[in-house]
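Written below as C-alpha cells is the structure these notes are about.
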Amino acid sequence: MRNVGRKLAFVLAACNHGTMIVNRFDQRLTGDGAIGVGSQMLEAAAYDPLEIELALQLIDARHRLHGDGVVAIDCGANIGAHTIEWAIAMTGWGSVVAIEAQERIYYALAGNIAINNCFNAIAMHAAVSSERGVMNVPVPDYFTASSFGSLELKPRADTEFIGQAVDYGQSTVAIETITIDALSLPRVDFIKLDIEGMEAEALAGAEQTIMRCRPILLAEHIKAGREPLRSFMDARGYKVVDAGMNLLAVHKSDPVVNEVQVPETPARSSAA
C-alpha cells in the first residue's frame, strides 16, 4: 500500500511574523496549558512578541549608533520567528545568521527564510558550543524513521519538540558543533542565545568575537543558570539586566547602554 497514513507535523500559518512553516507538535502540556513555539503561533499568531520587540529595538539602536552593516546572530533559531522579524527590519542595512541544531526544524527555518524573501538572512544547521566537533541531539519519537510508518504517530504529552524536557535516552543523531569565533565575522552587533542549557559554552566559544565587537547579548538562563552567565558578562565589562527568562547584557562602552532603562541587576552569591 503506497498511501500509508502519516501525521502532518509542519503546516503553513499566516502569523504576525509573516507566512510561516510551523510545527504543530511543538508543545508541552503544563498545568497552565500548552507551551512551545508552534503552540504559541497557532494559538496567538505570534511567538513571544515582547522578547522579539526588545531584540528589534536593540538592533535598531545599534544601527542608529554604529551605522549600516549590522550583524545579528540567532543561536537556537527554531523555525525563525526572531530571524524573520530581524531580517525584514534590517532590509538594506543589516543581516542575520540563524543557527539551529535540530534537523527537521532547520528545514523549516530555511523554508521560512525563503518564503519570506529574507535575502539578508542565512540558515546554518549546527549546534553552537565552546569548540568545534560533534555532539548527539535527541530526535523526538514522532520524527524518527520508525514512527513515520505508524498510523498512531503522535507527540508524547510530557515532551516538547524544541525545549523544556530533553530526553537524551531517546534516539539521537550526530550534529556538528561550531563556535561563533570560528565564523570569523568582521562585525557582530547582537547575539541571542536560546540553546537548551548550552549558553555558557556558546559564550566561551564567542569570547574573541565578544571582546573584539562588544555585541549586545541576550541569553536565556533557565537551564544554564543565571550566575555563570552573569559572571562571564561581568568579567568582560558588560552591564547586565534581567529580561524575563533572559539576561540582557550591553557593554559599558557601547552608547546603546544609555538607552537600556532597566536598573542593572546585582550579582548573586549562588547560581540560579
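One-based numbering along the sequence shown.
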Enter the distance from [X]:[atom1] to [Y]:[atom2] here, rounded to the nearest 0.5 Å.
{"X": "L50", "Y": "L54", "atom1": "CG", "atom2": "CG", "result": "9.0 Å"}
{"X": "M90", "Y": "F190", "atom1": "CE", "atom2": "CZ", "result": "9.5 Å"}
{"X": "C15", "Y": "E85", "atom1": "SG", "atom2": "CD", "result": "10.0 Å"}

Over 12 non-hydrogen atoms of neighbours within 6.0 angstrom of [atom1] in [X]:
{"X": "E53", "atom1": "CD", "value": "yes"}
{"X": "E43", "atom1": "CD", "value": "no"}
{"X": "R214", "atom1": "CZ", "value": "no"}
{"X": "R64", "atom1": "CZ", "value": "yes"}

Plane angle bin for H125 and Y106 - parallel if under 30°, tilted between 30 and 60°, otherwise perpendicular: parallel

Check: [X] side chain, [Y] main-chain N or O, donor-acceptor pair, under 3.5 Å:
{"X": "H17", "Y": "Y47", "answer": "yes"}
{"X": "N112", "Y": "I21", "answer": "yes"}
{"X": "R24", "Y": "L8", "answer": "yes"}

Is the closest side-chain heavy-atom distance between [X] and [Y] below 4.5 Å?
{"X": "M198", "Y": "E201", "answer": "yes"}
{"X": "I191", "Y": "D74", "answer": "no"}
{"X": "E207", "Y": "I180", "answer": "no"}
{"X": "T19", "Y": "L12", "answer": "yes"}
{"X": "I216", "Y": "D254", "answer": "yes"}
{"X": "R187", "Y": "V70", "answer": "yes"}
{"X": "L247", "Y": "D242", "answer": "yes"}
{"X": "L193", "Y": "L218", "answer": "no"}

CA sep, side-chain torsions, deciding dist, call: L183, I178, side chain to side chain contact (heavy atoms under 4.5 Å, CB included): CA-CA 8 Å; L183 298 176; I178 62 170; 4.3 Å; yes

F232 meets the ring pair (Phe, Tyr, Trp, His ring centres under 6.0 Å) criterion, sequence neighbours left out, with none

Quick one: do L203 and M211 end up in the same hydrophobic cluster if we chain Ile, Leu, Val, Met, Phe, Trp and Tyr together by side-chain heavy atoms under 4.5 Å apart?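 Result: no, two separate clusters.
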
Transitively linked via ILVMFWY side-chain contacts under 4.5 Å: V128 with V173?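 Cluster IDs for V128 and V173 match.
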
Kindly give the heavy-atom pair with the smallest separation between [X] and [Y], and that separation in Å.
{"X": "G197", "Y": "K223", "result": "CA-CB, 3.6 Å"}
{"X": "A9", "Y": "F25", "result": "CB-CD1, 3.9 Å"}
{"X": "T179", "Y": "R132", "result": "CG2-N, 3.9 Å"}
{"X": "N120", "Y": "A87", "result": "ND2-O, 2.9 Å"}
{"X": "V22", "Y": "G38", "result": "CG1-CA, 3.6 Å"}
{"X": "M135", "Y": "A127", "result": "SD-CB, 3.8 Å"}

Would you check, one step at a time, whether the test side chain to side chain contact (heavy atoms under 4.5 Å, CB included) holds for T91 with F119? CA-CA 8 Å; T91 300; F119 303 118; over 6 Å; no

Test applied, side chain to side chain donor-acceptor pair (under 3.5 Å); reference residue, N246; option that passes from E199, E51, K192: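 Passing option: E51.
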
So if I apply the side chain to side chain contact (heavy atoms under 4.5 Å, CB included) rule between L65 and each of D60, V256, N258, D189, which one comes out positive?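 Of the listed options, the one satisfying the test is V256.
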
Could you go through L217 and M233, starting from their C-alpha distance and side-chain angles, then the distance that decides it, and tell me whether this counts as side chain to side chain contact (heavy atoms under 4.5 Å, CB included)? CA-CA 9 Å; L217 307 171; M233 297 166 180; 4.2 Å; yes

Test side chain to side chain contact (heavy atoms under 4.5 Å, CB included) applied to L109 and T83, step by step: CA-CA 9 Å; L109 168 65; T83 293; 4.2 Å; yes

